[in-house]
Amino acid sequence: MERVIKSGVGWRIGWNPVAPEFTGLVGTEDWAVELTEAEFNEFCRLFNQLADTMKHLSAELMDDEKIACEAESDLLWMEVEGYPCAYNLRFILNTGRGTEGKWVASAVSELLQAIRMLKPSA
């Protein structure tokens, strides 16, 4: 696989399998952070897990009810907050670089689709 960068309004994501240390990239138009392969894989896995949780919770919530869900590993912490069909996404790296990022609800579904194209097994 070659280097890939995908972007849309409010999001961008990249993958460079031949980079020496930081193979992944996540961000928006205003910021970006490079991630190691392990961090990138964990970002994708936890985001998919949270998205699936929000999908399953939609049947249990009232239409105007918001919810927040968190997932964490040794590498990062993630949170989704909002409605099951429209939620913000935040993450904090736990690996010592002190990095935090956030995407607004209008960007999250496209970012999730891009991740599922880049890392279908995540």
Side-chain angles (χ1 to χ4, degrees):
M1 177 186 239
E2 294 182 23
R3 183 177 118 171
V4 176
I5 295 184
K6 296 188 173 291
S7 63
V9 177
W11 65 274
R12 63 183 154 149
I13 189 166
W15 175 250
N16 184 359
V18 298
E21 184 176 1
F22 299 106
T23 54
L25 176 126
V26 295
T28 70
E29 294 98 341
D30 300 323
W31 63 269
V33 61
E34 293 180 314
L35 303 174
T36 65
E37 183 174 2
E39 291 167 343
F40 187 76
N41 288 338
E42 197 67 351
F43 178 91
C44 295
R45 185 185 73 79
L46 291 177
F47 186 13
N48 273 311
Q49 179 183 321
L50 287 168
D52 288 345
T53 299
M54 290 297 272
K55 182 179 177 183
H56 287 103
L57 287 176
S58 65
E60 312 227 355
L61 300 174
M62 298 180 65
D63 290 342
D64 60 345
E65 192 173 3
K66 288 185 176 182
I67 191 165
C69 296
E70 298 178 9
E72 186 171 11
S73 73
D74 290 342
L75 299 176
L76 62 125
W77 170 89
M78 296 183 83
E79 176 190 57
V80 291
E81 184 271 322
Y83 302 101
C85 61
Y87 48 87
N88 299 325
L89 171 68
R90 289 188 332 130
F91 81 100
I92 298 173
L93 282 180
N94 291 334
T95 54
R97 290 189 306 212
T99 303
E100 181 175 352
K102 180 180 180 178
W103 292 268
V104 295
S106 60
V108 170
S109 73
E110 285 185 25
L111 176 62
L112 182 61
Q113 288 175 11
I115 285 173
R116 289 180 172 167
M117 288 174 43
L118 280 176
K119 293 283 188 178
S121 61

With Ile5 via side chain to side chain contact (heavy atoms under 4.5 Å, CB included) - residues at least two apart
Arg3
Taken to the nearest 0.5 Å, the spacing of Asn16 CG from Leu25 CG works out to 10.0 Å
Taking the six-membered ring for Trp, are the ring centroids of Trp103 and Phe91 within less than 6.0 Å of each other?
yes
Given side chains that start at C-beta, do those of Cys44 and Ile115 come closer than 4.5 Å, heavy atoms only?
yes
According to salt bridge (charged side-chain N to carboxylate O under 4.0 Å, His left out), does anything in residues 31-43 pair up with another residue at least two apart or in another chain? List the pairs.
Glu39-Arg97, Glu42-Arg45
Any heavy-atom pair between the side chains of Leu76 and Leu46 that's under 4.5 Å?
yes
Residues which pass ring-ring contact (aromatic ring centres under 6.0 Å, His included) with Phe47, listed by chain and number, not counting sequence neighbours:
none
What's the shortest heavy-atom distance between Ala107 and Gly10, and which atoms?
CB-O, 3.6 Å
Quick one: CG on Asn48 to CG on Leu112, what's the gap to the nearest 0.5 Å?
5.5 Å
Tell me which donor-acceptor pairs under 3.5 Å the side chains of residues 78-85 have, and how far apart each pair is, sequence neighbours excluded?
| residue | atom | partner | partner atom | Å |
| --- | --- | --- | --- | --- |
| Glu79 | OE1 | Arg90 | NE | 3.2 |

So, do Trp11 and Lys6 sit near enough that their side-chain heavy atoms are less than 4.5 Å apart?
yes
Residue pair Ile13 / Ser7, side-chain heavy-atom distance below 4.5 Å:
no
Distance in Å, Leu75 CG paired with Leu93 CG, rounded so as to fall on 0.5 Å steps:
8.5 Å
Using only atom types and a distance under 3.5 Å, with no angle test, would you say the side chain of Thr53 pairs donor to acceptor with the backbone of Gln49?
yes
How about Leu118 and Val4: do any of their side-chain heavy atoms sit closer than 4.5 Å?
yes
With sequence neighbours excluded, what pairs up with Thr28 under the side chain to side chain donor-acceptor pair (under 3.5 Å) test?
Trp31
Within this structure, what is the CD-NZ distance for the pair Glu100 and Lys102, rounded to the nearest 0.5 Å?
9.5 Å
ILVMFWY cluster membership beyond Ile92 - transitive side-chain contacts under 4.5 angstrom:
Trp77
In the single-linkage hydrophobic clustering (I, L, V, M, F, W, Y; side-chain heavy atoms under 4.5 Å), do Phe40 and Phe22 co-cluster?
no
Supply the atom-to-atom distance Thr95 OG1 to Asp74 CG, rounded to the nearest 0.5 angstrom.
11.0 Å
List for me each residue that meets side chain to side chain contact (heavy atoms under 4.5 Å, CB included) alongside Glu65, sequence neighbours excluded, and say none if there are none.
Leu61, Met62
Is there a side-chain contact between Cys69 and Leu57, using heavy atoms and a 4.5 Å cut-off?
yes
Which residues share a side chain to side chain donor-acceptor pair (under 3.5 Å) with Asp52, sequence neighbours left out:
Arg116
Working to the nearest 0.5 Å, report the span between CG of Leu89 and CZ of Phe43.
5.5 Å
Hydrophobic cluster membership, with links at side-chain heavy-atom distances under 4.5 Å among I/L/V/M/F/W/Y: are Val33 and Trp15 in one?
yes
Could you report the tightest heavy-atom contact between Ala105 and Ala86, atom names first, then the distance?
CB-C, 3.8 Å
Give every residue pair that meets the salt bridge (charged side-chain N to carboxylate O under 4.0 Å, His left out) criterion with at least one member in residues 11-20, sequence neighbours excluded.
none
